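Here the structure comes first, spelled out in structure tokens, and everything after it is commentary.
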There are 2 protein chains.
Amino acid sequence: MTLLQSFIQVHPDSHFPIQNLPYGIFKPQPDSPPRPGVAIGDFVLDLSEISSAGLFNGTLLTNSDCFLQPNLNKFVSLGRPAWKEARATLQKLLSSTEATLRDNEVLRQKALVPLSQVELLLPVAVGDYTDFFSSLHHTKNCGIIFRGPQTPILENWYHLPVAYHGRASSIVVSGTDIIRPRGQAHPAGNPSPYFGPTLKLDFELEMATIVGPGNELGKPVDINNAEDHIFGLVLLNDWSARDIQAWEYVPLGPFLGKNFATTISPWIVTLDALEPFACEAPKQDPPPLPYLTEKVSKNYDLSLEVQIKPLGHEESSVVTRSNLKHLYWTLTQQLAHHTINGCNLRPGDVLGTGTISGPEPESRGCLLELTWNGQNSLSLNGLDRKFLEDGDEVTLTGYSKGDGYTIGFGTCSGKIVPPAP
Amino acid sequence: MTLLQSFIQVHPDSHFPIQNLPYGIFKPQPDSPPRPGVAIGDFVLDLSEISSAGLFNGTLLTNSDCFLQPNLNKFVSLGRPAWKEARATLQKLLSSTEATLRDNEVLRQKALVPLSQVELLLPVAVGDYTDFFSSLHHTKNCGIIFRGPQTPILENWYHLPVAYHGRASSIVVSGTDIIRPRGQAHPAGNPSPYFGPTLKLDFELEMATIVGPGNELGKPVDINNAEDHIFGLVLLNDWSARDIQAWEYVPLGPFLGKNFATTISPWIVTLDALEPFACEAPKQDPPPLPYLTEKVSKNYDLSLEVQIKPLGHEESSVVTRSNLKHLYWTLTQQLAHHTINGCNLRPGDVLGTGTISGPEPESRGCLLELTWNGQNSLSLNGLDRKFLEDGDEVTLTGYSKGDGYTIGFGTCSGKIVPPAP
């Protein structure tokens with residue numbers, strides 16, 4: 001089979017070939033209203049223009065206004081048949097052998113906008129944000145650091161995908177500056193807690209499910225239908241203030257140590273685009289209860305990387321390399337578990353995977369693990385780092401290499417700035 | 001000073017005299033669009049009709065469409081000067097000495113709808129829901145039950161208002177049935193966890209702040225301005241499945257044990273209406289850090305009560321009597337703490353107080369405490385209860401008694417129904 005090609009030239013290393021077509025929300029000009037687009041090479045295809053031109057002419061989307069919205073919530077709520085129809089329409093329209101868009105210069109001028117000139121916004125309005133804790137290696141490392149080596153992994157962890165609720169209001173899109181939070185901390189040996197800017201600012205390398213169709217309150221999603229509720233994935237950086245977190249988190253979990261900001265990538269890569277990179281999930285022992293037992297247990301082989309660029313430096317340093325396939329609990333197990341008590345999900349909800357650490361020390365997904373809570377330093381081109389400093393720019397990337405193409409998420413980045421005095 | 005009276009007859013025990021005027025959202029007919037109203041005696045005053053009639057004629061609200069919305073978010077975002085103007089307009093319009101509405105039969109017919117015939121909806125679209133843990137007695141009792149008598153209250157509790165994020169999607173309005181959740185539990189002595197309907201379903205007697213104007217990400221609210229961000233209060237029942245909670249909650253806090261449903265009262269009582277019942281908050285020792293130290297430290301003397309009516313019974317039994325004044329951390333401390341790290345609040349956000357238990361055994365705010373985790377039983381007119389049974393209807397009420405009038409919240413109720421087979 002020959003590789004599907006677009007009439008738009010796409011470099012083999014580009015994250016956005018015609019095989020990907022990730023969805024986002026953008027403004028072509030600073031004063032334009034936000035609208036949906038897909039990334040293709042160095043361009044964004046404006047779906048509001050394609051829709052207005054009547055080119056979404058399949059049975060499900062022909063009369064839909066889902067691409068005339070300021071976010072993707074309506075489109076993601078429509079479900080997989082509509083997503084597949086949109087993907088087929090767009091792959092045909094962008095293919096090198098199809099004249100409709102290729103040879104219509106007026107439409108091309110309107111509908112294809114250089115990526116370099118657009119403003120990318122949050123792709124969805126997030127109703128609720130949940131964060132899981134599904135990497136065995138991350139869980140084990142954190143357990144040793146916070147509670148000691150006796151029982152690094154608590155018993156419940158092997159029986160259910162542990163999770164907590166995060167803050168939806170402070171989810172920001174890649175490129176948003178991250179203001180160093182202030183708060184209370186109480187280091188061991190201090191007689192009493194003190195207040196000030198966090199001294200242990202960290203990133204967390206995560207990905208997240210963007211929920212498609214939701215479920216009604218009281219009606220759980222069956223594990224074997226859970227995939228139909230997943231529109232796609234984003235990169236997610238769950239910024240964390242470890243000193244604030246350590247003092248506040250007992251007994252009800254993280255709060256101000258996390259909710260000052262969470263960054264996601266602007267592009268949602270669909271499960272359909274990731275399907276060629278599906279792989280078997282790790283064997284689970286003990287076997288999960290029936291409601292978490294799935295016919296097909298799937299992860300994705302997706303390379304993840306974090307770079308830090310200190311203020312005034314030209315070069316970034318790679319500080320970790322991990323892979324989505326290291327998750328112990330699958331995305332579908334997370335979603336089914338979330339609803340098993342009747343909890344309702346809504347289109348656009350964000351389900352973070354938790355920090356994705358691999359088995360090797362150099363695949364750990366946060367500075368807490370990489371520097372062992374500041375006991376060691378990382379070297380960034382000669383600069384020492386235990387935790388993030390003002391001016392540091394942290395960039396997450398994620399991609400899978402196909403035969404002659406790359407499916408990627410672009411970047412998910414944020415720069416640390418000091419709080420206002 | 002003579003008591004302000006309405007031309008609408010209001011019984012002295014009614015929760016909704018002209019001194020109260022709580023805000024809600026209602027439908028006068030099943031197929032009408034939702035609109036804002038205030039409760040007055042046995043009626044709802046339709047604010048969309050008052051607005052359309054041009055009677056909000058003060059400087060701030062004269063051209064506003066805030067009462068033509070399907071929720072109160074726009075109105076609560078306007079801030080205290082607009083709230084005071086609306087209150088003054090409505091108290092004048094409803095007073096016995098003002099002819100405008102009293103003598104206009106056509107407008108009265110349109111704008112005053114019997115409470116008994118309307119459908120009440122959620123008053124706000126909730127962006128994020130946070131739950132605090134601010135009653136000393138509740139914290140102490142839970143600590144003893146879950147961890148033993150050595151350190152029932154952890155050290156951080158006295159230094160900051162501990163809180164966690166709840167689920168916004170499953171907040172429902174009073175009157176919504178509560179489906180008994182299923183989930184994993186692992187009682188002591190069992191070799192492994194099992195899956196099934198919760199055997200320890202509980203209520204939690206709480207109140208909640210409805211946030212008015214929000215704050216920008218990175219810009220904390222000063223403790224002495226925090227009251228300006230509080231529109232008013234509701235009753236809140238944070239339904240809890242204690243067996244699910246006990247197994248899942250380490251180390252990241254409650255999740256499926258809580259997020260299957262949270263009920264709030266349909267009426268938001270404003271801080272202006274509650275001001276006559278303000279009282280001094282408990283002395284805090286150790287003194288809080290400066291960012292939590294307020295010039296005026298205020299609670300409200302507001303009686304709270306929980307009743308349970310078993311299936312087929314005519315009579316409810318009162319199972320606890322508590323008071324909002326028992327809160328250790330004030331509502332303004334909760335709000336200021338929530339934002340101190342830069343976390344942004346949005347209009348309509350819900351900040352639960354946590355279970356409000358008083359010092360006496362009969363003022364404990366949940367069955368976990370009242371039956372000491374099922375070790376004892378309560379008697380409901382001769383029926384034993386350790387936790388909630390299917391068919392039980394739980395009703396929270398809250399009110400303050402003034403001189404010749406009552407300021408109340410109506411009821412916040414829900415009936416337990418079994419999960420679908």
Side-chain angles (χ1 to χ4, degrees), chain A residues 127-128 130 133 143 146-147 154-156 159-160 162-170 172 179 181-184 186 192-195 198 214 217-220 241 244 247-257 259-261 286 289-291 337-338 340-346 349 419-420, chain B residues 127-128 130-131 133 143 146-147 154-156 159-160 162-170 172 179 181-184 186 192-195 214 217-220 241 244 247-257 259-261 286 289-291 337-338 340-346 349 419-420:
Chain A
D128 278 286
T130 300
F133 190 51
F146 283 129
R147 290 187 313 274
L154 300 172
E155 192 192 353
N156 62 1
H159 293 277
L160 54 84
V162 169
Y164 69 103
H165 294 119
R167 179 92 193 162
S169 72
S170 55
V172 297
I179 301 169
R182 292 193 173 95
Q184 283 192 37
H186 193 181
S192 56
Y194 70 90
F195 175 78
T198 175
L217 197 60
K219 299 202 172 159
I244 296 173
W247 170 233
E248 73 173 359
Y249 92 105
V250 283
L252 298 182
F255 183 55
L256 300 189
N259 68 12
F260 56 94
L289 282 164
Y291 83 91
H337 180 68
H338 202 318
I340 192 60
N341 67 342
C343 180
N344 56 328
L345 303 178
R346 295 178 293 190
D349 282 353
Chain B
D128 279 286
T130 300
D131 203 16
F133 189 53
F146 284 129
R147 291 188 312 275
L154 300 171
E155 192 192 354
N156 61 2
H159 293 277
L160 53 85
V162 169
Y164 69 104
H165 293 119
R167 178 92 193 163
S169 72
S170 55
V172 297
I179 301 169
R182 290 194 174 94
Q184 283 192 38
H186 193 180
S192 55
Y194 70 90
F195 175 78
L217 198 59
K219 300 202 172 158
I244 297 172
W247 171 232
E248 74 173 357
Y249 93 104
V250 283
L252 299 182
F255 183 54
L256 300 189
N259 67 12
F260 56 93
L289 283 163
Y291 82 91
H337 180 67
H338 202 318
I340 192 62
N341 67 342
C343 179
N344 56 330
L345 303 178
R346 295 178 292 190
D349 282 353

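If you're wondering where the values come from, they're calculated on a predicted model, not measured in any experiment. Chain identifiers are assigned alphabetically (A, B, ...) following the order of the sequence lines, protein sequences preceding nucleic acid strands; residue numbering begins at 1 within each chain.
Both the backbone and the side chain of Pro251(A) come within less than 4.5 Å of a heavy atom in chain B. Using a 4.5 Å cut-off between heavy atoms, Ile244(A) does not touch chain B at all. Neither the backbone nor the side chain of Thr198(A) comes within less than 4.5 Å of any heavy atom in chain B. For Leu256(B), the parts sitting under 4.5 Å from any heavy atom of chain A are the backbone and the side chain alike. Both the backbone and the side chain of Ala163(A) come within less than 4.5 Å of a heavy atom of chain B. Contacts of Phe146(B) with chain A are absent, with no heavy-atom separation under 4.5 Å from either backbone or side chain. For a residue to count as touching a neighbouring chain, one of its non-hydrogen atoms must lie under 4.5 Å from one of that chain's; by this rule Pro419(B) does not touch chain A. Residue Leu154(A) touches chain B through its side chain alone, counting heavy-atom pairs closer than 4.5 Å. Proximity to chain A (any heavy atom under 4.5 Å) is restricted, for Val162(B), to the side chain, taken from C-beta onward.
Ranking Gly214(A), Gly166(A), Pro254(A) against chain B, the residue ahead of the rest is Gly166(A), based on heavy-atom pairs under 4.5 Å. Across His338(A), His337(A), Arg346(A), Arg167(A), the residue that shares the most heavy-atom pairs under 4.5 angstrom with chain B is Arg167(A). The residue among Gly342(A), Gly218(A), Gly253(A) with the most heavy atom pairs within less than 4.5 Å of chain B is Gly253(A). No other option in Ala261(B), Ala420(B), Ala241(B), Pro181(B) has as many heavy-atom pairs under 4.5 Å with chain A as Pro181(B).
Of the possible polar contacts, none joining the Asn341(A) side chain to the Gly183(B) backbone as a donor-acceptor pair under 3.5 Å is found. Formation of a donor-acceptor pair under 3.5 Å by the Gln184(B) side chain with backbone atoms of His159(A) is found in this model. Using modelled atom types, one side-chain atom of Ser169(A) and one backbone atom of Asn344(B) make a donor-acceptor pair closer than 3.5 Å.
In this structure, CG in Asp128(B) is found 9.0 Å from CG in Asn259(A), a value given to the nearest 0.5 Å. Between the OG atom of Ser170(B) and the CG atom of Leu345(A) there is a distance of 10.0 Å, given to the nearest 0.5 Å.
With sequence neighbours excluded, no residue satisfies salt bridge (Lys or Arg N to Asp or Glu O under 4.0 Å) with Asp131(B). Residues passing the salt bridge (Lys or Arg N to Asp or Glu O under 4.0 Å) test with Arg182(A), sequence neighbours excluded: none.
Counting only heavy atoms from C-beta outward, the side chains of Phe260(B) and Leu217(A) never approach each other to under 4.5 Å. At least one side-chain heavy atom of Trp247(B) sits under 4.5 Å from a side-chain heavy atom of Leu160(A). Two residues are said to be in side-chain contact when any heavy atoms from C-beta on lie closer than 4.5 Å; Ile340(B) and Phe195(A) meet this criterion.
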Determine, step by step, whether Tyr164(B) and His165(A) satisfy the ring-ring contact (aromatic ring centres under 6.0 Å, His included) criterion, reporting the C-alpha distance in whole Å, the side-chain angles of both residues, the deciding distance to 0.1 Å, and the verdict. CA-CA 8 Å; Tyr164(B) 69 104; His165(A) 294 119; 7.8 Å; no
Step by step, work out the side-chain contact (heavy atoms from CB on, under 4.5 Å) result for Leu252(A) and Tyr249(B). CA-CA 8 Å; Leu252(A) 298 182; Tyr249(B) 93 104; 5.5 Å; no
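When only modelled atom types and interatomic distance are considered, Asn156(B) and His186(A) share no side-chain donor-acceptor pair under 3.5 Å.
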